[in-house]
Amino acid sequence: MSIDLEPGKIVKGAGGAILEDVPHITDWLPDLPTYANPLKYHPAYAAVRQYFVEENDVVAKDVVVNVNRTSGAIYFRRAGPRDKIYFKPEDVKACIVTCGGLCPGLNTVIREIVCGLWTQYGVREIFGIIGGYRGFYCRNTIDLNPKVVNDIHKRGGTILRTSRGGHETSKIVDSIEDRGINQVYIIGGDGTQKGAWAIHKECVKRSLEVVVAGIPKTIDNDIDIIDKSFGFDTAVEEAQRAINAAHVEAGSAQNGIGLVKLMGRYSGYIAMYATLASRDVDLCLIPEVPFYLEGPGGLYEFVDQRLHESGHMVIVVAEGAGQELIAESMGSHENLVDPSGNPLLLDVGLWLSQNLKSYFAKAHPTFKEPLTLKYIDPTYMVRAIPSNASDNVYCTLLAHSAIHGAMAGYCGFTVGPVNNRHCYIPIPRVVSTQRHVNVADRMWARLLSGTNQPDFLRYKVVMEERRRTKALKQAESKEENVPEQISKSPPVSPSQNCPLTDVDSNGSNVTKQMKDDSTAQISTGDRQFFPATGYPLVTSPVPGDPTANFDQETP
């Protein structure tokens, strides 16, 4: 899917300022009439001085700049209600859809879009699309009004249900056109926002009087440009419960380790902020900082040292950490993706638990007390809870900003705060890059200072030495085995080069999978597949399935 900024929407202002503007409905329908904003006559807003946003109001992308290099600064159009709108409220047919994984605050955003359209602008036709993008053409809609959504913010999840994938642009826009919808509010992450851009472009192509507004959603806080994503504060707060439990468990046993895996596919923000907030964490592992296990400055050395000093420790690991290390130790595996196109991750929590217990059982048989490891994975607990007070207020601001932008005719935008001021950001700008923890920043330095954990700066050197040693051992092993194989290997029959066969009850040959077939794959639930041979299988638990017990002491 091609995502590019429209050249006509990059405006240079006085002094070299650059405005990255968003599309407007008049770009392809220039003769549309305007209407007075009904908020002028709303008793709750009539007394507010300067309530309406001026058309030239913008928000700076960066507020900390060098005084000698201020030209070329980037700005975005400020969000908020406009004096003139491009839709008659009685003619508006709005729809709301939620896509991707769950996140605290989804129901709050839905509620505030419905209530904002209903109470501020007098819109009476609001529909909910059931089941994500495919709900446009596979499911029925539900009518939404303030009574229906009155208390949904007190519940986790989304009343509209959600799904991954299912984006077929032509079918979606066909449904929008057939239903007479003219405002589409799409709540989801970067993949969902790319889909929103495709829907916007198709509406422009068909010259439809339809605006598309995006509300960014990602619990990992990895959407670029905006200050933070909704649900992030709630996730960090809920993660404290898991960390506290791990700390209690670890502190109640000699050589106790509490290991907590938190969400964070490519960005370790939840793990980092949860660690900083807790102050009970001894080691935080995130995707941005590759780590290694053995040798000076490695994880094993640090764990050994901390156990000798304190007798227990707590480790927090983001789900995307250590993926290269796990893949190397387990051998090759298929590069599989979920319906959203995201690579499926190997389970670092279970893998690290097994490796720690195995290492300390072999390397430290003289420990007075065996290693006691408690593994906690609160992933689905964290993302399925209702949003806290801070996120509830934030969701309200996001929803209202999206409404004001859509009513004013802006489209193809994602709404969010930049330097604590809400603005309209072109969707291509938001999805062009992903935000990661800046490990050269003072926030990460604060974490390293608080935990005294290793920085793993020797990662590349250690891994290169490890690969070189492994390659030499394999070469030596081949040289030693060649004469033995020549002298002892029996003649190969044709049947040994073919799959084994058996005969069923009808007398037909049935091909059987050879036991040593390295291409055989084991399905491990909704997360990944691995070859059936090689390193012991590490799987990620699936909701509802029994989970392996990691509370046993090392023998």
Side-chain angles (χ1 to χ4, degrees), residues 96-113 128-132 135 149-165 187-189 191-192 215-223 228-246 260-265 267-271 273-274 277-278 316-320 338-340 342 344-345 347-350 375-396 398-399 525-527 539-547:
I96 307 169
V97 64
T98 54
C99 306
L102 294 182
C103 178
L106 278 170
N107 276 334
T108 307
V109 174
I110 295 169
R111 181 189 189 278
E112 296 308 312
I113 292 175
I129 305 298
I130 303 298
V149 301
N150 182 51
D151 61 352
I152 63 173
H153 62 291
K154 300 175 184 178
R155 292 178 282 174
T158 165
I159 64 165
L160 300 180
R161 299 203 290 274
T162 185
S163 66
R164 298 186 184 275
I187 309 168
T192 301
I215 296 93
K217 172 212 62 90
T218 168
I219 199 170
D220 294 344
N221 197 37
D222 57 359
I223 290 183
K228 66 177 179 180
S229 54
F230 73 83
F232 174 72
D233 283 348
T234 305
V236 171
E237 186 176 306
E238 183 67 12
Q240 300 302 297
R241 296 177 58 191
I243 293 174
N244 290 340
V260 180
K261 185 183 77 172
L262 298 176
M263 298 189 75
R265 180 178 291 271
S267 301
Y269 281 103
I270 293 179
Y273 276 82
S278 171
V316 167
V317 57
E319 62 178 331
D338 63 19
S340 297
N342 300 313
L344 292 171
L345 300 179
D347 195 309
V348 64
L350 298 178
Y375 173 52
I376 300 174
D377 181 358
T379 299
Y380 298 106
M381 294 174 59
V382 168
R383 74 179 196 173
I385 63 172
S387 54
N388 62 13
S390 173
D391 273 324
N392 269 337
V393 174
Y394 180 29
C395 289
T396 300
L398 285 173
D526 67 346
R527 300 284 291 187
T539 64
S540 178
V542 179
D545 287 355
T547 305

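- With values rounded to the nearest 0.5 angstrom, E112 atom CD is found 3.5 Å from T396 atom OG1.
- Minimum interatomic distance between I223 and P216 (heavy atoms only, all atoms of both residues): CD1-CB, 3.4 Å.
- Rounded to the nearest 0.5 Å, atoms OG1 (T192) and CD1 (I215) are 11.5 Å apart.
- Between P386 and T234, the closest heavy-atom pair is O-CG2, 3.4 Å.
- Nearest heavy-atom pair, P378 versus A242, reported as atom, atom and distance to 0.1 Å: CG-CB, 3.6 Å.
- S163 and G131 make their closest contact through OG-O, 2.7 Å (heavy atoms, listed as atom of the first residue, atom of the second, distance).
- Between S387 atom OG and E237 atom CD the span is 10.5 Å, to the nearest 0.5 Å.
- A distance of 15.5 Å separates CD1 of I385 from CZ of R155, quoted to the nearest 0.5 Å.
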| Yes or no on side chain to side chain contact (heavy atoms under 4.5 Å, CB included) for N244 and R241, after CA distance, side-chain angles and deciding distance? | CA-CA 5 Å; N244 290 340; R241 296 177 58 191; 5.6 Å; no
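- With values rounded to the nearest 0.5 angstrom, H153 atom NE2 is found 7.0 Å from D151 atom CG.
- Remark: the backbone N or O of Y375 is not paired with any side-chain donor or acceptor of K261 at under 3.5 angstrom.
- Side-chain contact of N392 with T108: a donor-acceptor pair under 3.5 Å is present, judged by distance alone.
- The backbone N or O of K228 sits less than 3.5 Å from a side-chain atom of Y394, completing a donor-acceptor pair.
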| CA sep, side-chain torsions, deciding dist, call: F232, I270, side chain to side chain contact (heavy atoms under 4.5 Å, CB included) | CA-CA 7 Å; F232 174 72; I270 293 179; 3.7 Å; yes
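- Atom CG in D220 sits 10.5 Å away from atom CZ in R383 (nearest 0.5 Å).
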| said: Set out, in order, the CA-CA distance, both residues' side-chain angles and the distance that settles side chain to side chain contact (heavy atoms under 4.5 Å, CB included) for T158 and L102, then state yes or no. | reply: CA-CA 7 Å; T158 165; L102 294 182; 4.0 Å; yes
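- Of the possible polar contacts, one joining the R111 side chain to the N150 backbone as a donor-acceptor pair under 3.5 Å is found.
- Side-chain atoms of D233 do not come within 3.5 Å of backbone N or O of S390 as any donor-acceptor pair.
- Closest heavy-atom contact between L345 and G320: CD1-CA, 4.0 Å.
- Listed by chain and residue number, D222 satisfy the side chain to side chain donor-acceptor pair (under 3.5 Å) test with T218 (two or more places apart in sequence, or in another chain).
- Counting only distance, with no hydrogens or angles, the side chain of T98 and the backbone of T162 share no donor-acceptor pair below 3.5 Å.
- The minimum heavy-atom distance between A318 and A271, with the atom names listed, is CB-CB, 4.1 Å.
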| field | I159/N107 under side chain to side chain contact (heavy atoms under 4.5 Å, CB included): CA gap, chis, key distance, verdict | value | CA-CA 7 Å; I159 64 165; N107 276 334; 3.6 Å; yes
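- Remark: side-chain polar atoms of D391 are not paired, donor with acceptor, to backbone N or O of F230 under 3.5 angstrom.
- No donor-acceptor pair under 3.5 Å is formed between the side chain of E319 and the backbone N or O of L262.
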